Amino acid sequence: MKMILESINIAFSMYSKVPMPQIEWNERNMKYVMCYFPIVGLLIGALQGGMLWALAQYSSISSFLWAAAAVILPIVLTGGIHMDGFCDTMDALGSHQSIEKKLEILKDSNSGAFAVMGCVLFFILNLAVWDSLLPFVKEKGFWTLMLSYTLSRSLSGFSVVTFSCAKNSGLAALFSQAADRKKARTVLFCWVIAVSAAMLLIDFRTGLLCIGTALVIFWYYHHVSMKQFGGITGDLAGFFLQTCELAMALTAAAGGM
């Protein structure tokens, strides 16, 4: 039990801004950190869903402000760690350089033009999508979408313990090397199946659209990572997570929830 709690602590400490007790990271408690990464998504979905439901019930503010709150909350809860990976990846992909140069760009702490443009376009589209989704806040499909944060992290964690890493340093390599890959892969696959089943049970149509979209983006993430970077990195995993969540919300909005 102590090891489980410590692994959850590390998962939240690394991938969220939720205050956690400071503990020592060691070989034992880092083996299964990825197994608990999806719990961060459960928290984000619960808080976002609860906030938007409460605003729909008790507030008269405009839907545009609701949408802004929906966009901002996940960034606040994660500290923007995945958005940072998205921006770095946009710079690397936009460079059209060699694999070695792209990996150097990922490590660069400065943001280039492609990162800025990608970030602006991401938030504009995300804001428009959530403004379209808010009329459905009281419907079952909305709560299916709240599980998208868990599904994206289940797939992201699965990639870290399954795909080859582009380099031997960085967050993805750190957690990949420290993990009991076989057991973590099994647990994360079970997360994917369980969350997908829950999404389908809550609202079959919306669940099917979101799951199908997530799998397409997962394939694209693997294809781009292997072809253009020679493997995955923490930045690429963040790029996948942000793209996957936006794509699922966009699909749900386009499908009329």
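Heads up: numbering here begins at 1 and tracks the sequence. Not measured: the values here are computed from a predicted model.
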S.K.: Should V192 and L188 be marked as a side chain to side chain contact (heavy atoms under 4.5 Å, CB included) after you check the CA-CA gap, both sets of side-chain angles, and the distance that decides it?
M.R.: CA-CA 6 Å; V192 172; L188 286 160; 5.7 Å; no
S.K.: Donor-acceptor check, side chain of W66 to backbone of D131, threshold 3.5 angstrom: yes or no?
M.R.: no
S.K.: Do V160 and Y220 share a hydrophobic cluster, counting only Ile, Leu, Val, Met, Phe, Trp and Tyr and linking them when any side-chain heavy atoms are less than 4.5 Å apart?
M.R.: yes
S.K.: Using modelled atom types and a 3.5 Å cut-off, is there a donor and acceptor pairing between side-chain atoms of K140 and backbone atoms of D203?
M.R.: no
S.K.: I'd like to check the ring-ring contact (aromatic ring centres under 6.0 Å, His included) partners of H96; sequence neighbours left out, ordered by chain and number.
M.R.: none
S.K.: Quick one: hydrophobic cluster around M117, which other residues, with the 4.5 Å side-chain cut-off, linked directly or via members?
M.R.: F114
S.K.: Show the nearest heavy-atom pair for residues I99 and Q228, with the distance to one decimal.
M.R.: CG1-O, 3.4 Å
S.K.: Just so I know, are the side chains of I4 and Y32 near enough to count as touching, which here means a heavy-atom distance under 4.5 Å?
M.R.: no
S.K.: Could you pull out the closest heavy-atom pair between G231 and L236, with the gap in Å?
M.R.: O-CD1, 3.4 Å
S.K.: How close do M248 and A214 get, heavy atom to heavy atom, and via which atoms?
M.R.: SD-CB, 3.9 Å
S.K.: Just how far is it from atom CG of L246 to atom CH2 of W130, taken to the nearest 0.5 Å?
M.R.: 10.5 Å
S.K.: With respect to S196, which candidate in L147, L215, I211 satisfies the side chain to side chain contact (heavy atoms under 4.5 Å, CB included) definition?
M.R.: I211
S.K.: Starting at OG1 of T144, measure out to CD of E139 and round the result to the nearest 0.5 Å.
M.R.: 10.5 Å
S.K.: Atom OG in S7, atom CZ in F12: separation rounded to 0.5 Å?
M.R.: 12.5 Å
S.K.: Before you tell me yes or no, could you show the steps for V76 and K17 under side chain to side chain contact (heavy atoms under 4.5 Å, CB included), namely the whole-Å CA-CA distance, both residues' side-chain angles and the distance that decides it to 0.1 Å?
M.R.: CA-CA 7 Å; V76 171; K17 285 298 182 180; over 6 Å; no
S.K.: Might you point out which heavy atoms bring F86 and G118 nearest each other, and give the distance in Å?
M.R.: CE2-O, 3.6 Å
S.K.: Sorted by first residue and then second, give each side-chain hydrogen bond (donor to acceptor under 3.5 Å, both in side chains) pair with at least one member in residues 147-161; sequence neighbours left out.
M.R.: Q48-Y149, S152-E245, R153-E245, S159-Y221
S.K.: Is there side-chain contact between W191 and I39, with heavy atoms separated by less than 4.5 Å?
M.R.: yes
S.K.: Tell me which pairs pass side-chain hydrogen bond (donor to acceptor under 3.5 Å, both in side chains) where either residue lies in residues 79-90, with sequence neighbours left out.
M.R.: none
S.K.: So F136 and F142, ring-ring contact (aromatic ring centres under 6.0 Å, His included) or not? Walk me through it.
M.R.: CA-CA 6 Å; F136 305 100; F142 179 81; 9.2 Å; no
S.K.: Any heavy-atom pair between the side chains of M83 and F122 that's under 4.5 Å?
M.R.: yes
S.K.: Check whether any side-chain heavy atom of I72 sits under 4.5 Å from a side-chain heavy atom of F123, and report yes or no.
M.R.: no
S.K.: Are any non-hydrogen side-chain atoms of R181 and T162 less than 4.5 angstrom apart?
M.R.: no
S.K.: Hey, what do you get for OG (S13) to CD1 (I23), rounding to the nearest 0.5 Å?
M.R.: 6.5 Å
S.K.: Indicate yes or no: at least one non-hydrogen side-chain atom of I44 is less than 4.5 angstrom from one of L73.
M.R.: no
S.K.: Same cluster or not: V129 versus M51, using hydrophobic residues (I, L, V, M, F, W, Y) connected whenever any side-chain heavy atoms lie under 4.5 Å apart?
M.R.: yes
S.K.: Are W219 and F239 joined in one hydrophobic group, where the rule is that I, L, V, M, F, W and Y side chains link up if heavy atoms are under 4.5 Å apart?
M.R.: yes
S.K.: Between atom CZ of F37 and atom CD1 of I10, what is the distance when rounded to the nearest 0.5 Å?
M.R.: 14.0 Å
S.K.: Is the shortest side-chain heavy-atom distance between L151 and C210 below 4.5 Å?
M.R.: no
S.K.: Is the shortest heavy-atom distance from the side chain of D108 to the side chain of D91 under 4.5 Å?
M.R.: no
S.K.: Kindly work out whether a path of hydrophobic side-chain contacts (I/L/V/M/F/W/Y, heavy atoms less than 4.5 Å apart) joins I124 to I75.
M.R.: no
S.K.: Hey, does the side chain of N9 reach the backbone of M20 with a donor-acceptor pair shorter than 3.5 angstrom?
M.R.: no
S.K.: Using every non-hydrogen atom in the two residues, find where A166 and T233 come nearest and quote the distance to one decimal.
M.R.: CB-CG2, 3.8 Å
S.K.: Please list, chain by chain and in numerical order, all residues satisfying ring-ring contact (aromatic ring centres under 6.0 Å, His included) with F158, sequence neighbours excluded.
M.R.: none
S.K.: Please test L103 against L106 for side chain to side chain contact (heavy atoms under 4.5 Å, CB included), starting from the C-alpha separation and ending with a verdict.
M.R.: CA-CA 5 Å; L103 291 174; L106 289 180; 4.1 Å; yes
S.K.: With rounding to the nearest 0.5 Å, note down the distance linking CG in L52 to CG in L47.
M.R.: 11.0 Å
S.K.: Tell me whether I193 is reachable from M34 by hopping between hydrophobic residues (I, L, V, M, F, W, Y) whose side-chain heavy atoms are closer than 4.5 Å.
M.R.: yes
S.K.: My understanding is that only residues two or more places apart in sequence, or in another chain, count here; which of them pass ring-ring contact (aromatic ring centres under 6.0 Å, His included) with F218?
M.R.: F163, F240
S.K.: For the residue pair L134 and A67, what are the closest heavy atoms and their distance?
M.R.: CD1-N, 3.3 Å
S.K.: Could you walk me through whether C119 and M90 satisfy the side chain to side chain contact (heavy atoms under 4.5 Å, CB included) test, starting with their C-alpha distance in whole Å, then the side-chain angles of each, then the deciding distance to 0.1 Å, before giving a yes or no?
M.R.: CA-CA 9 Å; C119 186; M90 290 299 295; over 6 Å; no
